[in-house]
Each structure stands twice: as structure tokens, then as C-alpha cells.
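Heads up, the thing below is written out as C-alpha cells.
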Amino acid sequence: MTNREMDAAEAYDPALRAAYAECRRLNARHGRTYFLATRLLPLDRRSAVHALYGFARRADDIVDENGSASAEERAAALDVLEAEWRRALRGQAVADPTVTAAAHTRERLDIPARHFDDFLASMRSDLFVREYATYADLRAYMHGSAAVIGLQMVPVLGTVVPREEAEPYAAALGIAFQLTNFLRDVGEDLDRGRVYLPADLLAASGVDGELLRWSRRTGSHDRRITEALRAAASLTRGVYRDAEPGIDLLEPVSAPCVRAAFVLYRDILAVIEKEGYPVVHRRAVVGARRRASIALPGLARAWAARAGWRTGAPAAGGGPGRTASGARSLRGREGTSARERT
């Protein structure tokens, strides 16, 4: 992360700068599509995305990547993370760099703390809930695990309408991304003892968790599973359609980033379909050439928007320039000392 990015984030303390750098490293390593889209953002917004991603990744790693630790041991580790988060919100120094950076971002951009509370609650449920009976049950879980991530991002990205008008679309996009991940990662989640695809959707095609586990274990295929996965992909495409109008409500300098992420994540569905829904046995991946073909035009649009943004002129394509609400969201409380957080 460059010094200019750090300065734009009002991160002047060396420990805080190191915390943001760690979050950027996590994003680059684990969130390839997300990280690529983040590069389309102006300097003053990238570090915030890295911080929010880093904190979410840390919690997710506790839940999913803690080796042979029991659910109770992972719950204890999540308790430690949450306690550090509470201390950071009170302005106290903490050891976890992702907590330090995320808390700083939350305060600087005035992101509601309840979004982080809801996120941590969903992470905790992952330790003990293994399956979801209905799509409604899954949506309740995804409010905390995915929708609030979209809501956290709204103050970072800025809007050309009142924030509350953009929030339902941002929440829907977070859910679309997570549904895509659930479909892509069916096999890996089975290895962790979880089935995120709701039982009612699976049952409509004659599938249950036991059939999925049999397919994963034996490498065998079953047309009923393919049918169920096709239905899950169709449901996910519907959520993308619900979310897409919200991209035009974002500030012009941010919209190309979100558009790129939207297209790249939706492309995962196309790859899954093209490859015959192999996700019980292996993950589907969007190729580097395709990612570049989306990112490069997005970069051109981002630069055009920034040119208009700097001069105060309308952005390319007739988009508005910086709104007062967007400027306030990025400045946060200028002149005050920012707490170190996540």
C-alpha cells in the first residue's frame, strides 16, 4: 500500500499504517476478484475496502480455517476477536491489525456499528449451524454474513442519492456474491460439514445432504444434483438482477469498481454452467484473461470519471460529479483524531 493511499485514509500512525498494509495483503492473497475490482477505486477509498475485507477474512478464518479445533475452541477464538473489536471501538489499542484498520475505517466513514455486530453474529452461527431448511432461513443468516458487507461499503463508495435509497441494492449485491460463493464452494463446504444450499431448494430436485456427501466422497455424478445446482444458479441470477440498478446510484468514481466486481462474480455462474456444474468435485474459476478483459475497460471508465470528479464537471456518460453527501462520507469527521481499529 502506497504512502498516498495511507495518507488518503488519514492513517498517519506507523502501527495503523502497518495494520492497513496487512489488510491489503489479505485481500490480495485471498480475494483475487475483489482485490482486482478494488484497484479501480480512487486512492482515498482503497484502504477502506482492504480494512473491511481484512476484518471479515479474519473472522472467516477463525470459523473455517482453524485446523482440527473444536467448535467450542473456535467460538473462544471468535470471542477474543469480538472483545478486541469492542476495545477498538472504545479507542483502545489492540493486537489484531485487522481490528485496528477496520475500527479506524468504521469511525472515519461513520459506518454503523450494528453492521459489524450482525456480521459477528452470523460468523458465530457458522460454528454450530450446518444446514438451512429453507431459503428464508438462509436469507436470515446472509443478512449478517453478506448483506451487511454491502451496507458497510455504501459509505466507502458514496452515492448520488440519499444513502438509504442505495442500501437495499447494496445488501442484495452482497447476497448475490455470497450465493455465488456458496455455489462455487459446494464441495469445500461439504468437507467442512456444511451445506449452504437450502434443503427446500435441493429437495425440489430430489437431493439432500446425504446425496451430496456421497457424490463428493465417491466422485460420482447424479443428474438430480445437476438439476439442483442449476436451480441455485437461476436463483442467484435473480438476485443479481435485483441488485444491478443500484450500481447507477453510486458515485461515478466508484461505480466502475462495483460494475467490474458484479460482472466478474456473475461470470463465475457462467463458468459453472459451461463446465456442467462440477462444483461438488471442484471449484470453478474465472480465467485471468477474462478478469483482465473486464478490469481494463473498467479502469478506463474509472479514470474518465475521476477526471470529471477532480474538475467538478459531469463524469463521462453524463454521470453527476461529487455530491455533498458523498464528500462528507469520505471526509468523515475531519480534524478529529481517528481511533485505531480493525
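For the single chain, residues carry numbers from 1 onward in sequence order.
- The backbone N or O of Pro162 lies less than 3.5 Å from no partner atom in the side chain of Glu165, so there is not a single donor-acceptor pair.
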Go through Ile225 and Leu212 one step at a time and tell me if the side chain to side chain contact (heavy atoms under 4.5 Å, CB included) criterion holds.
CA-CA 7 Å; Ile225 294 177; Leu212 290 174; 3.9 Å; yes
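- For Asp191 and Arg213, the salt-bridge test fails: no basic side-chain N is under 4.0 Å from an acidic carboxylate O.
- Heavy atoms only, all atoms of each residue included: Leu179 and Leu235 are closest at CD1-CD2, 3.6 Å.
- Rounding to the nearest 0.5 angstrom, the gap separating the OG atom in Ser254 from the CD1 atom in Ile247 is 12.0 Å.
- Taking the side chain as every heavy atom from C-beta outward, Arg237 and Arg266 approach each other to under 4.5 Å.
- Taking each heavy atom of Leu127 and Arg130 in turn, the nearest pair found is O-NH2, 3.8 Å.
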Take Val239 and Phe177 through the side chain to side chain contact (heavy atoms under 4.5 Å, CB included) test and state the conclusion after the steps.
CA-CA 9 Å; Val239 182; Phe177 286 169; over 6 Å; no
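- Side-chain contact between Trp85 and Leu120: present, with at least one pair of heavy atoms (C-beta onward) separated by less than 4.5 Å.
- Between Ile149 and Gln178, every side-chain heavy-atom pair lies at or beyond the 4.5 Å cut-off.
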Working for salt bridge (Lys or Arg N to Asp or Glu O under 4.0 Å), residues Arg259 and Glu244
CA-CA 9 Å; Arg259 176 69 64 182; Glu244 186 170 15; 2.8 Å; yes
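- With Ser234 contributing its side chain and Ala231 its backbone, the two residues share no donor-acceptor pair below 3.5 Å.
- Under the 3.5 Å distance criterion, the side-chain polar atoms of Arg224 are left unmatched by any main-chain donor or acceptor of Val207.
- Dense packing is recorded around CZ of Phe262, with more than 12 heavy atoms of other residues, nucleotides or ligands lying under 6.0 Å away.
- At distances below 3.5 Å, at least one donor-acceptor pair connects side-chain atoms of Thr180 with backbone N or O atoms of Ala176.
- The backbone N or O of Ala270 sits nowhere less than 3.5 Å from a side-chain atom of Asp267 that would complete a donor-acceptor pair.
- Of all heavy-atom pairs between Phe182 and Met142, the closest is CE1-SD, 3.8 Å.
- Here Asp118 does not pair with Arg114 in a salt bridge; the nearest charged N to carboxylate O distance is not below 4.0 Å.
- Considering all non-hydrogen atoms of both residues, Ala113 and Arg106 come closest at N-NH1, 3.9 Å.
- Remark: side-chain polar atoms of Asp185 are not paired, donor with acceptor, to backbone N or O of Glu188 under 3.5 angstrom.
- For the pair Arg24 and Ser47, the minimum side-chain heavy-atom distance is 4.5 Å or more.
- Side-chain contact between Val160 and Pro252 is present, with heavy atoms from C-beta onward closer than 4.5 Å.
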Criterion side-chain hydrogen bond (donor to acceptor under 3.5 Å, both in side chains) on Arg184 and Asn181, from CA distance to verdict
CA-CA 5 Å; Arg184 181 195 63 190; Asn181 286 341; 3.3 Å; yes
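- A salt bridge links Glu251 and Arg45; the closest N-O separation between the charged side-chain nitrogens and carboxylate oxygens is under 4.0 Å.
- Scanning both residues, Ile111 and Gln152, for their nearest heavy atoms gives CD1-O, 3.5 Å.
- In this structure, the side chains of Val154 and Leu250 stay at 4.5 Å or more apart for every pair of heavy atoms.
- Salt bridge status for Asp189 with Arg192: present, with a side-chain N to carboxylate O gap under 4.0 Å.
- Considering only heavy atoms from C-beta on, Ser122 stays 4.5 Å or farther from His143 through its side chain.
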Take Glu22 and Arg25 through the salt bridge (Lys or Arg N to Asp or Glu O under 4.0 Å) test and state the conclusion after the steps.
CA-CA 5 Å; Glu22 170 64 8; Arg25 186 191 68 80; 2.8 Å; yes
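- In this structure, CD in Glu273 is found 12.0 Å from OG1 in Thr226, a value given to the nearest 0.5 Å.
- Note: Leu157 CG to Cys257 SG = 6.5 Å, rounded to the nearest 0.5 Å.
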What's the verdict on salt bridge (Lys or Arg N to Asp or Glu O under 4.0 Å) for Asp61 and Arg57, showing C-alpha distance, side-chain angles and the deciding distance?
CA-CA 6 Å; Asp61 282 350; Arg57 183 75 204 187; 3.1 Å; yes
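- Taking CG of Leu78 as the start and CZ of Arg124 as the end, the distance is 4.5 Å to the nearest 0.5 Å.
- Atom CD of residue Glu131 and atom CG of residue Leu202 lie 8.5 Å apart, to the nearest 0.5 angstrom.
- In this structure, the side chain of Arg74 does not engage the main chain of Ile62 through any donor-acceptor pair within 3.5 Å.
- Leu26 and Val156 are not part of a single hydrophobic cluster, where members link through side-chain heavy atoms under 4.5 Å apart.
- Panel note: side chain Thr159, backbone Ala166; no donor-acceptor pair is recorded below 3.5 Å.
- Taking each heavy atom of Tyr132 and Ser125 in turn, the nearest pair found is OH-OG, 4.2 Å.
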Please assess Thr105 against His50 for the test side-chain hydrogen bond (donor to acceptor under 3.5 Å, both in side chains), listing each intermediate value before the final yes or no.
CA-CA 10 Å; Thr105 292; His50 296 322; over 6 Å; no
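- Here the side chain of His281 pairs a donor or acceptor atom with the backbone of Ser215 at under 3.5 angstrom.
- Between Leu190 and Val195 the shortest side-chain heavy-atom distance falls below 4.5 Å.
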Show, in sequence, the C-alpha distance, side-chain angles and deciding distance for Asp126 and Tyr141, and conclude whether the side-chain hydrogen bond (donor to acceptor under 3.5 Å, both in side chains) test is met.
CA-CA 9 Å; Asp126 258 338; Tyr141 162 78; 2.6 Å; yes
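- Linking ILVMFWY residues whenever their side-chain heavy atoms come closer than 4.5 Å, directly or via other members, leaves Val94 and Val80 in distinct clusters.
- Note that the CG atom of Leu151 and the CD atom of Glu164 stand 12.0 Å from one another [nearest 0.5 Å].
- For Glu275 (side chain) and Ala284 (main-chain N/O), no donor-acceptor pair under 3.5 Å exists by modelled atom type.
- Phe119 and Phe55 have tilted rings, their planes meeting at an angle from 30° to 60° on a 0 to 90° scale.
- Between Asp117 and Arg86 a salt bridge is recorded (basic side-chain N to carboxylate O distance below 4.0 Å).
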